[in-house]
Amino acid sequence: MKLRPLLMVFTLAQCGLSLRALAEERKAPAPSQWCYAAKGSLEVRAKAGDRKKPLLTLGQGAMVAGFESKKSSDRSWIRVLAVDPEKIQPVAGWIDSTRVEVLPVSQSPTDKEILRLVGGVFLEDFAEKNTAIARYLLHAPGKEPALLCYLGSVVLPQTHLQVIFRSQGKLVSGPSMDLPFSEMQSAMTSLEIRDLLGDGNDCLITHEPYRVGPQNSGVNVVVRRLEGGAFKILGRIPLEARNLASYPPKMQILEPAEMNIDRPGT
C-alpha cells in the first residue's frame with residue numbers, strides 16, 4: 001500500500017520534467033530582424049523554395065521574427081518563427097524575402113517585455129513559458145506605428161488582444177481586450193490589418209467563430225478600429241452560419257404551396 005503514493009509522486013515529478021522540457025523547446029533564439037507583411041498575405045513554407053501548400057498563411061500587417069537567409073530558386077528566403085493565431089502556436093519555416101519589409105530588431109519588444117506590460121495571469125511562470133505572441137503593426141496618420149499583440153496559451157481559457165505604443169522611448173500599454181475560447185478554439189482564427197476607409201487609420205479584420213447552444217454556430221468577420229482609446233466595432237458580417245435549431249422537428253407543408261415560401265426547410 002505504501003508503494004502506490006510513491007509511484008504517484010514519481011509520476012507527477014516526471015510530468016513536471018516533461019512540461020519543463022517542452023517549455024525549453026519552445027524557446028527560440030533572439031531574432032536578427034523582423035519581417036513585416038506590408039502589402040499582402042504572407043506564406044510560411046516548410047523549406048526554402050518549396051512549392052507545396054504553405055504551413056501557415058498570415059494576413060497583411062503580420063510581423064514575424066526573422067533569422068538566417070539563403071538563396072533558392074533564384075530568390076532569397078528568410079527563416080522565420082511565426083505564430084498561428086488559430087492554434088496560438090509557433091510555426092517555424094521559410095518566407096520569400098520579396099513579400100516582406102525587413103525591420104530592425106528594435107521594432108518590437110521581446111516576449112518577456114510584452115508579457116510584463118500585459119500582466120495578470122501571463123506573469124505566472126507556467127503561463128509565461130507557454131504563451132505565444134502574434135504581432136501586427138497598426139498605423140495612424142502622424143504617429144509611430146503601434147504594435148498589436150494577440151497572445152494566448154493552451155493552458156488558459158482566453159486569449160488577449162493588446163495594443164502597445166512607444167512614448168518618449170518607453171513602452172506604454174494601450175487598449176486591450178480578453179476573448180474567451182470558443183469550444184476550445186481560438187477566439188480569432190485570422191487577423192489582418194488594412195486601411196479600409198482610406199484615411200490612414202488601420203482597421204483590424206478578424207475571423208471569429210461563435211457557438212450559441214449545440215445547434216447554432218458559425219464564423220463572423222469583424223472589423224474594428226481604435227477610436228477614443230478603445231476598440232470600436234465598425235461591422236460584423238456572417239461568413240458561415242449554421243442554425244439547425246430553427247428547423248421544426250416535423251415538416252409542415254401548407255396549402256396553397258405559396259404559403260411555404262421562406263419557411264424553415266423550404
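Computed from a predicted model, the values in this text were never measured in an experiment.
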Which Ile, Leu, Val, Met, Phe, Trp or Tyr residues join Leu254 in one cluster when any pair of side-chain heavy atoms under 4.5 Å counts as a link? Met259
Pair listing, side-chain hydrogen bond (donor to acceptor under 3.5 Å, both in side chains) test, anchored in residues 151-160, at least two apart: Tyr150-Thr159, His160-Gln162, His160-Asp178
Can you list everything that forms a side-chain contact (heavy atoms from CB on, under 4.5 Å) with Ala230? Sequence neighbours excluded, please. none
Report whether Phe126 and Phe122 are members of the same hydrophobic cluster (ILVMFWY, side-chain heavy atoms less than 4.5 Å apart, transitive linking). yes
As an exercise, state the distance from CG of Leu239 to CG of Asn220, rounded to the nearest 0.5 Å. 8.5 Å
Quick one: side-chain contact (heavy atoms from CB on, under 4.5 Å) partners of Thr189, sequence neighbours excluded? Glu86, Gln185, His207, Pro209
What pairs of residues pass the side-chain hydrogen bond (donor to acceptor under 3.5 Å, both in side chains) test when at least one of them lies in residues 111-124, not counting sequence neighbours? Thr110-Glu113, Asp111-Arg135
With side chains defined as the heavy atoms from C-beta onward, is the minimum distance between Ile233 and Val223 less than 4.5 Å? no
Does a side-chain heavy-atom distance below 4.5 Å link Met63 with Cys149? no
Excluding sequence neighbours, so at least two apart, what forms side-chain hydrogen bond (donor to acceptor under 3.5 Å, both in side chains) with Ser106? none
Over all atoms of both residues, closest heavy-atom pair of Val44 and Gly93: CG1-CA, 3.7 Å
Is there a path of hydrophobic side-chain contacts, each under 4.5 Å between heavy atoms of I, L, V, M, F, W or Y residues, that connects Val221 with Leu58? no
Can you find a pair of side-chain heavy atoms, one from Ile114 and one from Ile164, that are under 4.5 Å apart? yes
If you define the side chain from C-beta out and look only at heavy atoms, does anything of Ile78 sit under 4.5 Å from Phe67? no
Pairs meeting criterion salt bridge (Lys or Arg N to Asp or Glu O under 4.0 Å) with involvement of residues 48-59, two or more places apart: none
Does anything in residues 63-72 form a side-chain hydrogen bond (donor to acceptor under 3.5 Å, both in side chains)? List the pairs, not counting sequence neighbours. Glu68-Arg79
Separation between OG1 of Thr131 and CG of Leu156, rounded to the nearest 0.5 Å: 6.0 Å
Value rounded to 0.5 Å, distance of CD1 in Ile205 from CG in Leu234: 10.0 Å
Can you tell me how far CG of Leu56 sits from CD of Gln89, rounded to the nearest 0.5 angstrom? 11.0 Å
Work out which heavy atom in Trp94 is nearest to a heavy atom in Ala46; give both atom names and the distance. CD1-O, 3.6 Å
Where at least one partner belongs to residues 29-45, residue pairs that pass salt bridge (Lys or Arg N to Asp or Glu O under 4.0 Å), sequence neighbours excluded: Glu43-Arg45
Please tell me if the side chains of Leu137 and Leu103 come closer than 4.5 Å, counting only heavy atoms from C-beta onward. yes
Would you mind listing every salt bridge (Lys or Arg N to Asp or Glu O under 4.0 Å) that reaches into residues 221-230, with sequence neighbours excluded? Asp199-Arg225, Glu208-Arg224, Arg225-Glu227, Glu227-Lys232
Tell me every residue that passes side-chain contact (heavy atoms from CB on, under 4.5 Å) with Pro175, counting only those two or more places apart in sequence or in another chain. Val163, Phe165, Leu226, Phe231
Which pair of non-hydrogen atoms, one from Pro141 and one from Asn201, has the smallest distance, and what is that distance? CD-OD1, 3.3 Å
Is there side-chain contact between Pro85 and Leu191, with at least one heavy-atom pair below 4.5 Å? yes
Should the heavy atoms of other residues, nucleotides or ligands under 6.0 Å from CD1 of Ile237 be counted, would the total exceed 12? yes
According to a 4.5 Å side-chain heavy-atom criterion applied to Ile, Leu, Val, Met, Phe, Trp and Tyr, with indirect links allowed, do Val80 and Leu42 form part of one hydrophobic cluster? yes
With Val172, which residues qualify under side-chain contact (heavy atoms from CB on, under 4.5 Å), at least two apart? Ser167
Is the shortest side-chain heavy-atom distance between Asp96 and Trp77 below 4.5 Å? yes
With the 4.5 Å side-chain cut-off for hydrophobic clustering, are Leu204 and Ile88 part of the same group? yes
CG of Leu115 to CG of Leu151: how many Å apart, nearest 0.5 Å? 6.5 Å
Should Gln60 and Ile193 count as side-chain neighbours, where that means a heavy-atom distance under 4.5 Å? no
Taking atom SG of Cys35 and atom CZ of Arg99, what is their separation to the nearest 0.5 Å? 13.0 Å
Same hydrophobic cluster for Trp34 and Leu117, using side-chain heavy-atom links shorter than 4.5 Å among ILVMFWY? yes
Shortest non-hydrogen contact between Leu147 and Ser108, atoms and distance: CD2-OG, 3.6 Å
